[in-house]
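Worksheet: one structure, shown below.
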Amino acid sequence: MKNMKSTYPGAVLALAVLLCFSPGAVSDGLPDLGDVSQIVLTPLQERQIGQQSMMEIRASKQYLDDPEINDYLNQLGSKLVENSNEPGLGFEFFAINDLSINAFAMPGGFIGVNSGLLLTVQSESELAAVLSHEIAHVTQHHLARMVAGQQNDSLASMVALAAAILAARTSPQVTEAAIASVQARAIQKQLDFTRANEQEADRIGLDILQKSNFNIHAMPEFLDRLQKATRLLDNNAPNYLRTHPITTDRVADIANRVQKQPYRLVPDSLDFQLVRTKLIASQKTAVDAIAYFGDALGSQKHGNPIAQRYGLVGALLRNNQVGRAARELETLRKQAGSAPMSRYDAMIETLAGQVKRAENDSKETLAFYRSAVKSYPQHRALIYDYSDLLMQSGMAEAAAKLLAAQITRHPSDTALYDLQARAYAMQGKMLEQHQAQAYSYAWQGKLYAALEQLELAKQAGGSFYQLSTVESDMRELRAMLDARSKP
Ligand SMILES: [Zn+2]
């Protein structure tokens, strides 16, 4: 697919080759699959395995489809990746809606973070420590070696195995079923990282953490707290400790390395606090959230008042108390504007836009978004809202233009394609509409639905060039479907 290929160099062949495991399709650079126990997957294979798992995750309910939380994780993550030994790998970080404490890495640089972990860490350095450790698992190709070491005879079964490993990491309940369908249950024991893997990830992770100017003492502190909590919970060990086995050796090893380093206090970023506030609010009803943040602000004892007021404004808006939300927002912006560590923040401005839209002054709101998008051109939540507003205001062409520019930045963001399809529909551009819808489905792994949309695109008709891109997309999808139906 054109959109998928042109702008995502790390995954150039992602969709095209993803499911094409016939020897002809992947013969280039492919090692002898007769004895994979001796080899490590190629970077392309790793990327494909990760990419396919990602498609399944995107389509699942567990995927936390909040662009602000995911943008934040990618900002933090890319800062860490810059200090790893593979800064150009093209990592993707994403949130999983699961209150158990866990983070997991997939081959190819896809790293998932459970909401439970985001809520449990006590500082941004702790979160950065966990991410650095996961980044190290990827750059050291631990998972890829694990998959390659299973003596499978085809890349297809490796992908299936990777999917099983992923299931084990995200949701232990489905593990058994998933694994039983792939290989003997005996494999399960080998799915956890080895002690050597863990120590290597700790060592390299600490190095990344330090180079990125976070507090490296956060790593042993987090593990220590997790272990203490586990003792109280008896057999209910957090997933994180299950998938990253922790031993006294490991803890001692980390403590040793860290001890020699001075303790440095690194303040949490405002976005870290706002993301957590958002997650806390999402666990509560609007009324409960208003009470919770109101109390927190009233007691003024702990927590960050900017984050607490951000939570309050969001909750008021959810409860349709627009007037009070607008007043609290004014206070929030004054606070944020004068706080030493925070300038105006994209998340606060996104919320401000939502309050403005609720106030229903469309002219002023359009002007607000025009300037906000200029200030924060990368903030997807703002783009979603602005393009929706443009369409509501009858400016579908401007919306389509804005969305097309964003898609080049985020070619796997299905929400952008959905919005784009809507903008094209408003303009009566049927071919483009169905093609955008097809991309949205394809990135969620819904290949039949995508093909159906391309049929509709073809029927709608268009220029010779447009029709030939539809044709070529259809050929790629059919090839993927063919490959999928093979054992
Ligand atoms: Zn680990």
Side-chain angles (χ1 to χ4, degrees), residues 72-73 76-85 91 93 98-105 111-140 142-143 169 192-269 272-273 275-276 279 302-303:
Y72 164 72
L73 287 175
L76 174 63
S78 62
K79 194 171 154 187
L80 300 168
V81 168
E82 273 170 33
N83 293 304
S84 78
N85 55 4
F91 276 77
F93 298 81
D98 183 337
L99 286 175
S100 67
I101 302 164
N102 206 6
F104 56 93
I111 291 177
V113 180
N114 281 12
S115 47
L117 176 73
L118 284 165
L119 288 169
T120 305
V121 291
Q122 288 188 353
S123 68
E124 193 168 34
S125 283
E126 287 191 6
L127 177 60
V130 174
L131 292 186
S132 298
H133 178 98
E134 296 302 327
I135 289 167
H137 276 311
V138 173
T139 59
Q140 301 312 111
H142 289 158
L143 203 63
R169 272 157 205 288
D192 291 334
F193 292 123
T194 64
R195 267 173 62 180
N197 284 165
E198 285 308 317
Q199 278 178 336
E200 191 177 43
D202 284 338
R203 182 173 55 78
I204 292 170
L206 279 174
D207 189 47
I208 293 172
L209 197 61
Q210 185 162 34
K211 283 185 184 148
S212 309
N213 295 321
F214 283 101
N215 172 21
I216 59 168
H217 293 262
M219 179 87 199
E221 280 168 9
F222 173 72
L223 289 176
D224 189 49
R225 237 188 23 259
L226 213 54
Q227 269 190 313
K228 280 188 183 131
T230 309
R231 255 172 250 145
L232 298 175
L233 293 167
D234 283 331
N235 288 326
N236 203 2
N239 284 345
Y240 184 75
L241 293 185
R242 203 174 45 76
T243 51
H244 302 267
I246 192 161
T247 56
T248 33
D249 277 5
R250 200 186 143 197
V251 176
D253 204 34
I254 297 171
N256 244 334
R257 281 173 199 283
V258 166
Q259 231 167 30
K260 298 164 204 149
Q261 306 296 331
Y263 200 96
R264 64 195 292 185
L265 202 63
V266 181
D268 297 336
S269 73
F272 169 74
Q273 303 187 40
V275 158
R276 277 159 54 96
L279 284 170
H302 49 79

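- Side-chain polar atoms of Glu198 and His133 form a donor-acceptor pair below 3.5 angstrom.
- Using a distance-only test at 3.5 Å, with no hydrogens or angles considered, no donor-acceptor pair links the side chain of Arg264 to the main chain of Phe214.
- Atom CG of residue Leu118 and atom CD1 of residue Ile101 lie 11.5 Å apart, to the nearest 0.5 angstrom.
- For the residue pair Ser132 and Gly205, the shortest heavy atom distance occurs at CB-O, 3.3 Å.
- Without hydrogens or angle criteria, Asn215 side chain to Val266 main chain gives no donor-acceptor distance under 3.5 Å.
- Met219 approaches Leu206 most closely through the heavy-atom pair CB-CD2, 3.9 Å.
- Of all heavy-atom pairs spanning Ile208 and Ser84, the tightest one is CD1-CB, 3.8 Å.
- The CG atom of Asn85 sits 4.5 Å away from the OG1 atom of Thr139 when rounded to the nearest 0.5 Å.
- Using a 4.0 Å cut-off between charged side-chain N and carboxylate O, Arg203 and Asp207 make no salt bridge.
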Practice item. Evaluate the side chain to side chain contact (heavy atoms under 4.5 Å, CB included) criterion for residues Asp253 and Arg250: first the C-alpha distance (whole Å), next the side-chain angles of each, then the deciding distance (0.1 Å), finally the verdict. Key: CA-CA 5 Å; Asp253 204 34; Arg250 200 186 143 197; 5.5 Å; no
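- What you find for Arg276 and Leu119 is that their closest heavy atoms are NH1-O, 3.5 Å.
- Here the shortest heavy-atom pairing between Ala128 and Leu80 reads O-CD1, 3.7 Å.
- Side chain of Glu124 to backbone of Ser269: a donor-acceptor contact under 3.5 angstrom is found.
- Looking at Asn102, its side chain never comes within 3.5 Å of a backbone N or O of Asn114 through a donor-acceptor pair.
- Between Leu131 atom CG and Leu127 atom CG the span is 4.5 Å, to the nearest 0.5 Å.
- The backbone N or O of Gln261 lies less than 3.5 Å from a partner atom in the side chain of His217, making a donor-acceptor pair.
- Between the CG atom in Asn197 and the CD atom in Gln199 there is a gap of 10.0 Å [rounded to 0.5 Å].
- Using cut-offs of 30° and 60° on the angle between ring planes, the pair His142 and His137 is perpendicular.
- Taking both residues in full, the closest heavy atoms of Gly77 and Ile135 are given as O-CD1, 4.1 Å, listed atom of the first, atom of the second, then distance.
- Atom CG of Leu209 sits about 11.5 Å away from atom CG of Asp202, to the nearest 0.5 Å.
- Residue Ile254 holds its CD1 atom at 12.0 Å from CD of Glu221, rounded to the nearest 0.5 Å.
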